[in-house]
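Everything on this sheet refers to the single structure shown next.
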Amino acid sequence: MASGLDLFKEDQVKEEKVDIGRKIRVGIIGTGWIAEEHVKCYKKMDDVEIVAAADLIPGKAKAFFEKFEIENVKCDYPSHKEMLDDESLKLDAVSVCTYNRQHAAPTIYALEKGVNVVLEKPMCVTLEEAVEIRRAEKKSGKILSIGFQPRFDENMKMLKSIVQSGELGDIYYIQTGGGRRKGIPTPFGTTFIEDETAGIGAMGDIGCYSLDMVLNSIGYPKPLTVTGYTSNFFGTNPATYARKNHPEYAEKFKVEDFAAGFIRLEGGIILDFRIAWDMHLDTPGDTIFMGTKGSLRVPSTECWNGSIGGPMILYHDVAGKGVQTEIPMLKNKVDNFTQKMRSFIDAVKVGGKAPISSEEIIINQAIIDGIVKSAKAGKELTIEIPEI
């Protein structure tokens with residue numbers, strides 16, 4: 001036992017040398033807030049050249065690159081199609097940074113054009129869209145990586161190591177979720193809360209991270225059934241936006257600010273999930289893995305910034321006595337977002353596998369889609385992911 005737990009105390013970060021010989025030509029689709037993070041990362045990479053951008057709003061892309069002092073970017077494309085149709089660009093990859101409802105179309109079109117894609121989370125809005133994305137990816141033979149940067153956090157890696165080590169025995173129950181006491185994301189307008197742009201609310205913004213944390217740790221088993229619940233009591237209340245002087249946002253709010261799901265997974269595992277943008281609690285609960293040999297508590301985090309909320313606690317028995325072992329927090333030498341982008345570029349350069357595969361994330365999307373559909377139907381539903 002001691003030798004296994006000693007591994008949990010070590011900083012497992014490994015520095016890797018990167019071949020920067022060939023420049024990767026990149027295009028940006030959508031120049032909103034999240035695109036800023038992509039561009040900041042690309043600017044650090046000597047082997048990446050941003051050559052083009054597309055945005056539906058005239059002049060937005062041009063102003064975007066002026067802000068970042070990046071020159072020689074062709075950014076007068078009104079849509080992803082015009083940009084991807086321009087053969088003179090010779091694009092190697094694109095970052096899809098649009099709002100949720102527009103994740104599928106540019107991703108599919110880019111793959112059909114033979115261009116590699118890093119797609120921001122959530123993968124899309126519906127399972128049907130996710131299936132079409134997967135089919136386009138498989139047909140193209142290109143790389144599609146989904147934007148779940150918490151995967152690269154050293155504490156998240158340690159969590160998976162603990163679960164996979166066998167210290168917990170057979171996992172039979174998982175509780176996960178979290179959220180914000182006051183955190184409906186409207187600092188940049190209503191893109192996150194309108195159905196025509198977002199499609200899904202708290203689940204697409206932060207719930208998908210919570211699901212990925214636990215599903216990745218247990219190897220992404222297939223979901224079998226789901227009972228879902230969604231509500232929007234706070235998002236549709238004008239008083240919620242009083243301090244922001246935008247009471248009209250309440251009328252625009254058409255997604256969920258709270259969601260819960262009870263999911264049966266292959267292997268006899270129960271997943272109890274809940275996520276909130278707004279609630280009268282600091283958290284709806286920590287993440288908990290319950291196993292036949294031990295259990296693990298993972299402290300919740302308020303904003304899902306990429307790590308966990310504090311040291312994990314392993315509960316197990318020694319000589320018939322219940323004991324607790326604290327797993328020290330690990331430090332990252334490189335921020336998670338940079339690692340996400342670097343891993344994608346490296347995969348493109350060597351023709352490797354997607355760092356975060358759609359084969360896994362489609363399961364994440366199927367659960368979110370199942371919660372939405374179950375909540376509307378008012379009953380438990382079977383989750384069926386078509387063969388691709």
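Residues: numbered from 1 along the sequence shown.
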Donor-acceptor under 3.5 Å ([X] side chain, [Y] main chain):
X	Y	result
Q164	S217	yes
K160	N155	no
E256	G201	yes
E129	V125	yes
R274	A259	no
S95	C97	no
H103	P122	yes
N116	D92	yes
S357	A354	no
S210	G207	no

Salt bridge check: are [X] and [Y] linked by an N-O gap of less than 4.0 Å?
X	Y	answer
E154	K333	no
D369	K373	yes
R180	D205	yes
D86	K74	yes
R25	E49	yes

- Item | Contact check, side chains of V226 and P223, non-hydrogen atoms, under 4.5 Å |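 Answer no - side chains too far apart.
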- pair I146-L144: side-chain heavy atoms closer than 4.5 Å: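 Of all side-chain heavy-atom pairs linking L144 with I146, at least one is under 4.5 Å.
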- Task: Evaluate the ring planes of F337 and H38, with Trp represented by its six-membered ring, and classify them as parallel (under 30°), tilted (30 to 60°) or perpendicular (over 60°).
- Result: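 Perpendicular.
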- Where do H316 and T325 land on the side chain to side chain donor-acceptor pair (under 3.5 Å) test, with the steps shown first? CA-CA 8 Å; H316 51 131; T325 301; 2.8 Å; yes
- Task: List the steps, then state whether side chain to side chain donor-acceptor pair (under 3.5 Å) holds for K44 with T338.
- Result: CA-CA 9 Å; K44 299 175 188 176; T338 296; 3.1 Å; yes
- Message: Between Q149 and Y209, is there a side-chain donor-acceptor contact under 3.5 Å, judged purely by atom types and distance?
- Response: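 Note: Y209 and Q149 side chains meet the donor-acceptor criterion.
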